[in-house]
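Start at 1 and go down the list; that is how both ligands and their atoms are numbered.
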Amino acid sequence: AERSGRNRFRCFEAQMNAALMRFVQTREALALALQQQAFELHYQPQLDLRTGAVIGVEALLRWQRPGVGLVLPDAFIDVAEDSGLIEPIGAWVLEQACRQAAAWRAAGWPSLVMSVNLSAVQFQHGQLVETVAAALANSGLAPQGLELELTESIVLQEDAALRETLAQWKCQGIGLAIDDFGTGYASFAYLKRFHIDRLKIDRSFVSDLQSDDGSRAIVAAIIQMARSLGLRIIAEGVETLAIAAQLQGMGCDAVQGYLYARPMPAPELERWLQARDN
Ligand code: C2E
Ligand code: CA
Ligand code: CA
Ligand code: CA
């Protein structure tokens, strides 16, 4: 018994070491990636469900990791957050996304809105207001051209400073959306107080819309409540025409998903936009 206990401990220790190794190696590689500009943004269109017009794009972070290829954010965002690197990486994302949005708005899509994801950790260090302001100033993007996607965990903190920050952004004209809505615990009462103007219904509910009565009830309730509060709604992860039709019937405003387009590098998205205009 003692022997097997010791083996179990060794096994646990090996796993700990593996996790620590991954953290340290990824952290070093991310720091280097920042220096060497190995990050890029891909952009996924957001469409008005009724008219089919493109209303905006979401910026999604990618990492060109040498010897590995294109790495998706779920493989490194946690390390970026736990190491503090999310701050400079997030600042780069904001700046890059705002520059791209300003360029597209000037090039013939004047009402295009750029959605940028923010991590809760970026709110913890007190530089975020300045970082957002600098990204707008350096790019020349009008604040109306920027929307910040927050998670429910961010607005759940009953925090006066946070409320002040969001009020300030709202006052400037920056849009505020709650990402992955329905997976957390934010109440509708909170959303009003925190100046949120749009809810993004989480992909898990959207993809189950056809098959699961529970998901259908949740989506219907979210849409109805949002409408009665004057909040706009976007559904993410729309993969089929049947789901799009069902969402439209339920009164959803906007959609995003593989049915319309995958996230694409800037030149490809620009060609996609041009092809739609014709
Ligand atoms: P998210 O904000 O919920 O982004 C939506 C994710 O769903 C993206 O994954 C997108 O590529 C994917 N997606 C879009 N349409 C569909 C669809 O029809 N079907 C399916 N199955 N998936 C779809 P991605 O790009 O891998 O990003 C994963 C997550 O990483 C994001 O989830 C977001 O939480 C985070 N993330 C991405 N970029 C950033 C960033 O710049 N900063 C921060 N803090 N987080 C980011
Ligand atoms: Ca998002
Ligand atoms: Ca989401
Ligand atoms: Ca998500």
Per the side chain to side chain contact (heavy atoms under 4.5 Å, CB included) rule, which among Ile201, Ile196, Asp202 passes with Ile178?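 The passing option is Ile196.
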
Under a 4.0 Å threshold between the charged nitrogen and the carboxylate oxygen, would Asp197 count as salt-bridged to Lys170? yes

Can a non-hydrogen atom of [X] be found less than 4.0 Å from any atom of ligand 1?
| X | answer |
| --- | --- |
| Arg62 | yes |
| Glu58 | yes |
| Gly237 | yes |

Which atoms of ligand 1 are found less than 4.0 Å from any heavy atom of [X]?
| X | answer |
| --- | --- |
| Asp180 | 3 (O) |
| Ser119 | 44 (N) |
| Val93 | 41 (O) |
| Glu236 | 3 (O) |

Geometric N/O contact Leu61 with ligand 1, under 3.5 angstrom: yes

Nearest heavy-atom neighbours spanning Ser83 and Phe23: CB-CZ, 4.0 Å

Excluding waters, which protein N, O or S atoms are within less than 3.0 Å of the Ca ion (ligand 2)? Glu58 OE2, Asn117 OD1, Glu149 OE1, Asp179 OD2

